[in-house]
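Please read these numbers as outputs of a predicted model, since none were measured by experiment. We number each residue from 1, following the sequence as shown.
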Amino acid sequence: MATLNEIRNRVIDSLMSIDNSQYLQALEKMIKSSNVEHDKIPLTEEQKIMLAMSEDDIQNGRMIDQDSLNKQELKWLKEK
């Protein structure tokens with residue numbers, strides 16, 4: 001059975017790939033209206049490192065838009 005952190009990370013990965021703003025707004029509304037407690041969730045050291053790396057990428061312009069990423073992924077997949 002998956003741990004809470006594994007499930008949370010899979011959900012976050014899924015959210016990061018969604019580019020439909022209406023869908024994301026509906027999810028946000030559902031989350032806000034739920035009875036989920038809003039306690040702080042401690043991050044693992046690995047999560048903190050990944051966030052720091054992401055912040056560094058943003059500050060140094062190492063980003064790619066979703067459409068370009070999708071095209072690169074398709075190209076890579078076709079080569080396999």
Open item on the list: Taking side chain to side chain donor-acceptor pair (under 3.5 Å) as the cut-off, I'd like each qualifying pair that reaches into residues 62-72, sequence neighbours left out, listed once.
Closed with: Asp56-Arg62, Asp57-Arg62, Asp65-Ser68, Gln66-Asn70
Open item on the list: I'd like to know if Leu24 and Met30 are part of one continuous hydrophobic network [Ile/Leu/Val/Met/Phe/Trp/Tyr, side-chain heavy atoms within less than 4.5 Å].
Closed with: yes
Task: Listed partners of Gln25 passing side chain to side chain donor-acceptor pair (under 3.5 Å), at least two apart - done: none
TODO: With sequence neighbours excluded, tell me which residues meet side chain to side chain donor-acceptor pair (under 3.5 Å) with Glu73.
DONE: none
- [ ] For Glu55, enumerate each residue passing the salt bridge (Lys or Arg N to Asp or Glu O under 4.0 Å) test, keeping only those at least two apart in sequence or located in another chain.
- [x] none
TODO: Measure across Ser14 and Ser17 and return the closest heavy-atom pair with its distance rounded to 0.1 Å.
DONE: O-OG, 2.8 Å
With [X], which residues qualify under side chain to side chain contact (heavy atoms under 4.5 Å, CB included), at least two apart?
X     : result
Ile12 : Arg8, Asn9, Met16
Arg10 : Ala2, Glu6, Ile7
Met53 : Ile49, Met50
Thr44 : Asn5, Glu46, Gln47

- [ ] May I ask you to list the residues sharing a hydrophobic cluster with Leu74, side-chain cutoff 4.5 Å, ordered by chain and number?
- [x] none
Open item on the list: Checking one residue: Leu43. Which other hydrophobic residues are in its cluster under the side-chain 4.5 Å linking rule?
Closed with: Leu51
Task: Interatomic distance, Leu15 atom CG to Tyr23 atom OH [nearest 0.5 angstrom] - done: 8.5 Å
Open item on the list: I need the full list of salt bridge (charged side-chain N to carboxylate O under 4.0 Å, His left out) pairs touching residues 14-28, with sequence neighbours left out, sorted by first then second residue.
Closed with: Glu28-Lys32
